[in-house]
Amino acid sequence: MKFTRRTAIAAIAALGVTAVPAVAQQYPTKPITAIVPFAAGGPTDVVTRLVAEHMSRTLGQQIVVENIGGAGGTIGMSRAAAAAPDGYTIAVGNMGTQSAAPALYPNLKYDPATSFTQISVVNFTPQTIVSKKGLEPKDLKELLAYLKANSEKLNYGHAGVGSISYVSGFVFNAQFGFKPALVAYKGTGPALNDLVGGQIDYMVDQSLNVIPQITSGTIKAYAVAHPERIAALPDVPTTKELGVDFIFSAWNAMVAPKGLPKDIQDKLLDALSKALDDPAIIKRYEDLGSTAPKGADRGPAGLQKLVESEVARITPVLKAAAK
Amino acid sequence: MAVEDPADRSAGGATPRTRLNREVFAGLFLIVSAAVGYFGTLPLDAGSMSGVGPGLLPKAVSLGLAAFGVYLMVIGLLGNHERIDGFSLRGTIFILGAILAFAATVRPLGLLVAGPLAMLISSMADPDTRPLEIVIFTAFMTAGCYLLFKVVLHLPIPLLPPLLGY
Amino acid sequence: MWDLISNLQLGLSVAGSLKNAGLCFLGCLIGTLIGVLPGVGPIATIAMLLPLTFGLDPVGALIMLAGIYYGAQYGGSTTAILVNIPGEATAVVTVLDGHQMAKQGRAGIALGIAAIGSFIAGTIATVIIAAAAKPLTTLALMFGPADYFALMVLGLMFAVVLARGSVPKAIAMILLGILLSVVGTDIETGEERLTFGWMEVADGIDFAVIAMGMFGFAEILRNLENKEARAVVSGEIGRLLPNMADLKVSLAPILRGTGIGSLLGFLPGNGAVLGPFASYSVEKKIAADPSRFGQGAIEGVAGPESANNAGAQTAFIPLLTLGIPPNAVMALMIGAMTIHGIVPGPQIITKQPELFWGMIASMWIGNLMLLIINLPLIGIWVKLLQVPYRLMFPAIIIFCCIGIYSINNSPTEVVLTAAFALFGYTLIKLGFEAAPLLLGFVLGKLMEEKLRQAMVISRGSLWTFMERPVSLTLLALTLVILVVSALPAISKRRETVFTE
């Protein structure tokens with residue numbers, strides 16, 4: 001009995017010993033888990049699955065998306081931060097988990113700027129300023145004037161504290177001094193529904209969420225908060241061309257636990273880059289109202305810079321709101 | 001409406017009676033739940049009419065719960081009702097133990113360890129369990145679960161300890 | 001009218017192609033499978049199977065995914081009837097009479113009537129979607145937060161009707177359910193409520209955790225107590241399928257359930273969960289002998305099951321006409337569409353009519369396939385009930401554990417379920433029922449959210465509930481039901497007071 005157990009342990013140990021160097025040399029040798037800290041079907045999930053499928057082909061191993069929702073995405077990201085930095089656990093966080101979270105969750109178990117090995121931004125989704133169909137103002141200039149005069153009578157809808165529409169709305173309203181009543185919904189769907197139904201007055205949300213309603217004319221779009229027009233909404237002007245100083249994009253970013261070896265980081269970035277340059281994915285991005293990171297925005301340095309600048313921009317606004 | 005008050009049923013007198021009956025404990029249970037709900041949300045603002053705060057609903061509901069708790073206790077103390085029957089200790093320990101064992105082992109050791117472990121522990125809850133039968137059945141079920149959840153449905157559950165590579 | 005027929009014809013030609021019908025069949029089969037497995041919901045499965053559909057054209061992929069969705073809706077009732085575990089909120093009421101029927105050896109009849117009712121409901125709902133999706137959308141958009149709140153209040157009334165035993169205890173359970181529903185982060189202020197610093201429950205407690213703990217596991221604990229009650233089936237196993245007499249009794253409940261379910265299903269914000277509860281309450285209220293309910297009344301399975309399926313189908317309406325998902329599964333469908341390069345919304349009807357009508361036609365084909373898949377399976381399910389209990393409960397434990405784990409890929413939910421098993425077992429001992437608690441839990445969340453939205457929008461004026469015709473009607477209806485229900489209860493209580 002003792003003998004067999006000992007040989008079994010020895011065999012397992014031998015297996016482990018021989019397996020380890022092989023892993024380091026020809027990563028990846030087994031499926032990679034990509035943690036998405038939100039429920040399946042959301043904007044982060046969709047984009048992750050899109051690029052993960054392409055990356056799987058480049059890497060020759062399946063990337064399995066694992067949805068670990070909870071606490072505005074911070075539970076999944078906490079788990080990613082605590083995982084082994086062996087390249088078999090990566091994660092895709094968003095603007096909320098990677099820059100707003102420290103201001104919203106005092107007991108956060110990770111620091112977006114230091115707890116991860118950054119890989120790259122996966123996509124930017126510009127925010128669009130939208131209102132119910134019947135709101136008077138015809139263009140952005142009129143809207144800003146109208147809000148200035150009437151904002152206290154109006155209702156701003158958002159998808160819950162910590163959601164993208166909450167953060168972007170906060171920044172928008174704070175920047176221009178608007179004080180609407182905030183109506184909280186659980187998720188974007190119900191909020192949009194009430195915007196279409198005219199129960200609430202305006203929102204600032206990801207283009208991805210509002211494109212169908214804008215193109216079908218059930219809600220009004222004033223501007224895309226982005227330097228260039230986006231392909232899915234060619235007729236909607238940008239804040240930049242209208243001379244309004246409000247640029248705001250939601251974004252998703254791929255990260256790995258801190259301490260990921262450089263060669264694995266490069267391999268993942270290379271696979272992601274290939275996916276982002278694929279015409280089919282570029283086309284999908286356009287349909288979604290998203291843009292891929294280009295030039296300096298792509299890669300670890302660009303992501304690190306983005307995280308730091310977003311934390312610096314968002315934290316004071318949210319902290320001020322919490323008194 | 002079919003209102004079948006437990007008070008009516010026990011009034012028949014078939015069950016042994018006691019002052020510390022089921023209704024008293026039921027009332028007590030509600031009062032304790034209400035206390036947890038009320039004091040757990042004590043620091044939360046109930047808000048005003050135009051801005052209903054996060055504290056309003058839980059506090060209001062807790063007060064309602066407490067009221068029903070008091071009502072049940074009074075009913076229980078005044079009348080004669082069913083005695084509360086005891087918990088099955090063996091079942092509780094092994095069933096809950098099995099579930100907790102699964103929770104503790106599924107991530108570090110994988111489905112192929114956690115699954116059979118949970119089945120074998122839970123089977124001890126029943127004195128009728130036959131050792132050989134349950135071992136064979138467990139092996140069969142584990143293989144079935146592997147095929148079902150991993151091969152057919154592709155769920156991202158760890159299968160074996162990560163040490164072994166997968 | 002002519003348009004409708006030609007549109008449906010286009011749809012049938014798309015969905016009826018050999019490949020698409022095959023995908024629909026595959027989807028329904030997988031859906032039934034995951035529906036039967038407790039805890040493994042359509043969300044986890046659709047997410048996992050999404051990559052497999054990458055190779056398909058968008059129409060085929062969506063037909064398959066939709067098949068998984070309603071297959072799972074249907075499969076869930078099988079588990080509810082056989083082992084007393086409601087996988088989803090909509091199956092809670094199926095448990096009440098369905099499992100009783102199984103215990104009496106009438107599992108086949110319960111399963112059969114559920115399948116037939118679902119098919120009829122699905123057929124009618126398909127026609128409703130095809131003919132009236134647009135006008136219904138307009139109607140749904142009139143529903144503001146205040147109206148929604150009124151609907152939830154009406155919904156809570158159902159719980160009182162649901163109760164088998166004491167009414168005060170049922171109301172207490174509703175309140176306890178509402179209290180459980182506030183656990184988690186407040187969406188308006190971000191403050192944590194009743195989480196006691198535990199991050200894992202910051203998003204609230206999952207419905208399946210409570211349902212499986214309080215129904216599934218607590219039931220096992222109770223069954224283990226006494227040897228006699230242990231076998232699921234106490235008597236002889238009777239007929240395998242419903243006969244003409246069963247069908248005759250069930251037809252009216254099926255049609256009523258379909259109407260109620262269709263109506264509630266297209267409301268945004270998951271009104272579909274109310275459907276089965278409403279149907280059950282209606283059937284119990286109008287029954288000649290309401291005391292049969294909870295003891296294996298076939299109407300208590302036929303009505304709610306039809307309402308469930310009709311609602312599952314009309315829930316596609318806001319998705320198809322507005323591009324807005326009414327619930328989590330529909331949100332995932334939108335995700336699936338976008339992955340396949342389709343931007344969901346009203347423009348689909350004009351831009352991709354073959355997709356729109358193909359999907360609608362596939363709903364009907366899917367329902368037909370579910371009937372074909374499930375009727376022969378009934379024999380197997382009923383056989384499974386004869387497995388000795390000493391083997392059955394460990395099998396239920398392993399399936400449930402894996403299912404709960406897969407909700408969030410986290411052991412936390414598994415631990416929580418164990419806690420709710422103990423909680424549910426205690427409640428049984430104290431003579432409380434779990435069904436009203438679950439209804440309170442499901443409605444509590446929505447109710448609070450809608451109340452607060454309504455009050456913010458009206459700037460604190462309670463008049464908002466009176467000014468809006470929809471909410472006024474619903475509240476008036478609630479009051480009427482309350483008075484009608486309370487009268488006999490009060491007179492009865494007087495009698496007991498006098499006898500004591």
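With a threshold of 4.5 angstrom between heavy atoms, C/Ser410 does not approach chain B through any atom at all. If you measure heavy-atom distances from C/Asn409 to chain B, the contacts under 4.5 Å come from both the backbone and the side chain. No part of C/Ile404 comes within reach of chain B, as not one of its non-hydrogen atoms sits under 4.5 angstrom from that chain. Proximity to chain B (any heavy atom under 4.5 Å) is shown, for C/Leu391, by both the backbone and the side chain. Of the atoms belonging to B/Leu72, it is side-chain heavy atoms, and not backbone ones, that fall under 4.5 Å from chain C. The part of C/Ile34 that comes within reach of chain B is its side chain, from C-beta onward, which places non-hydrogen atoms under 4.5 angstrom from that chain. Within the 4.5 angstrom heavy-atom criterion, only side-chain atoms of C/Ile397, from C-beta onward, approach chain B. When heavy atoms are compared at a cutoff of 4.5 Å, C/Ile457 does not approach chain B at all. Contact annotation for C/Glu192: only backbone heavy atoms (N, CA, C, O) come within less than 4.5 Å of a heavy atom of chain B. Of the two parts of C/Leu33, only the side chain, counted from C-beta on, holds a non-hydrogen atom closer than 4.5 Å to a non-hydrogen atom of chain B. Residue C/Val456 touches chain B through both its backbone and its side chain, counting heavy-atom pairs closer than 4.5 Å. Using a 4.5 Å cut-off between heavy atoms, B/Phe137 contacts chain C through its side chain alone, with no backbone atom that close. Residue C/Phe420 does not touch chain B at all, counting heavy-atom pairs closer than 4.5 Å.
Separation of atoms CG (C/Leu179) and OG (B/Ser62) is listed at 4.5 Å; rounding is to 0.5 Å. Distance CZ/B/Phe29 to NZ/C/Lys429: 14.0 Å, rounded to 0.5 Å. Between the CZ atom of C/Arg452 and the CG atom of B/Leu56 there is a distance of 8.5 Å, given to the nearest 0.5 Å. Between the OG atom of B/Ser122 and the CD1 atom of C/Ile396 there is a distance of 10.0 Å, given to the nearest 0.5 Å. Rounding to the nearest 0.5 Å places CZ of C/Arg222 at 12.5 Å from CZ of B/Phe87. Taking CG of C/Leu175 as the reference point, atom CG of B/Leu65 lies at 5.0 Å (rounded to 0.5 Å).
For the set C/Ala395, C/Pro388, C/Ala421, the entry with the most heavy-atom pairs within less than 4.5 Å of chain B is C/Ala395. Of the listed residues (C/Ile402, C/Asp186, C/Val183), the greatest number of heavy-atom pairs within a distance under 4.5 Å of chain B belongs to C/Ile402. Most heavy-atom pairs under 4.5 Å with chain C: of the set B/Ala98, B/Cys145, B/Gly69, this distinction falls to B/Cys145. When each of C/Ile174, C/Leu194, C/Val182 is checked for heavy-atom pairs under 4.5 Å with chain B, C/Leu194 comes out on top. Options B/Leu120, B/Thr129, B/Thr92 differ in how many heavy-atom pairs under 4.5 Å they form with chain C, and the most are formed by B/Thr92. Counting heavy-atom pairs closer than 4.5 Å to chain C, the top-ranked of the candidates B/Val52, B/Leu96, B/Ile121, B/Ile99 is B/Ile99.
Residues C/Pro394 and B/Thr138 form no side-chain contact, since every pair of their non-hydrogen atoms from C-beta on lies 4.5 Å or further apart. Here the side chains of C/Phe196 and B/Val36 are in contact, with some heavy-atom distance below 4.5 Å. In this structure, the side chains of B/Pro58 and C/Arg193 come closer than 4.5 Å at one or more pairs of heavy atoms. Contact check for C/Phe432 versus B/Leu30: side-chain heavy atoms found under the 4.5 Å cut-off. Taking the side chain as every heavy atom from C-beta outward, B/Glu133 and C/Arg390 approach each other to under 4.5 Å. Using a 4.5 Å heavy-atom threshold, the side chains of C/Phe399 and B/Leu148 count as touching. Inter-residue side-chain proximity for B/Pro158 and C/Tyr405 is flagged as met; some heavy-atom pair is nearer than 4.5 Å. The closest side-chain heavy-atom distance from C/Pro411 to B/Phe102 is not below 4.5 Å.
When every heavy atom of B/Ala103 is checked against every heavy atom of C/Val415, the shortest pair comes out as CB-CG2, 3.6 Å. The minimum heavy-atom distance linking B/Leu100 with C/Ala418 is given by the pair CD2-CB, 4.0 Å. Shortest non-hydrogen contact noted between C/Phe393 and B/Ser123 is CZ-CA, 4.1 Å.
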*Step by step, work out the side chain to side chain contact (heavy atoms under 4.5 Å, CB included) result for C/Leu224 and B/Phe94.*
CA-CA 11 Å; C/Leu224 284 173; B/Phe94 287 111; over 6 Å; no
*Can B/Phe68 and C/Leu176 be said to form a side chain to side chain contact (heavy atoms under 4.5 Å, CB included), step by step?*
CA-CA 11 Å; B/Phe68 277 103; C/Leu176 197 54; over 6 Å; no
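Although no hydrogens or angles enter the test, the distance criterion places no donor-acceptor pair under 3.5 Å between the side chain of C/Tyr389 and the main chain of B/Asp126.
Around atom CZ of B/Phe140, no more than 12 heavy atoms belonging to other residues, nucleotides or ligands sit under 6.0 Å away.
The residues B/Arg90 and C/Glu225 are annotated as not salt-bridged, no charged nitrogen and carboxylate oxygen being separated by less than 4.0 angstrom.
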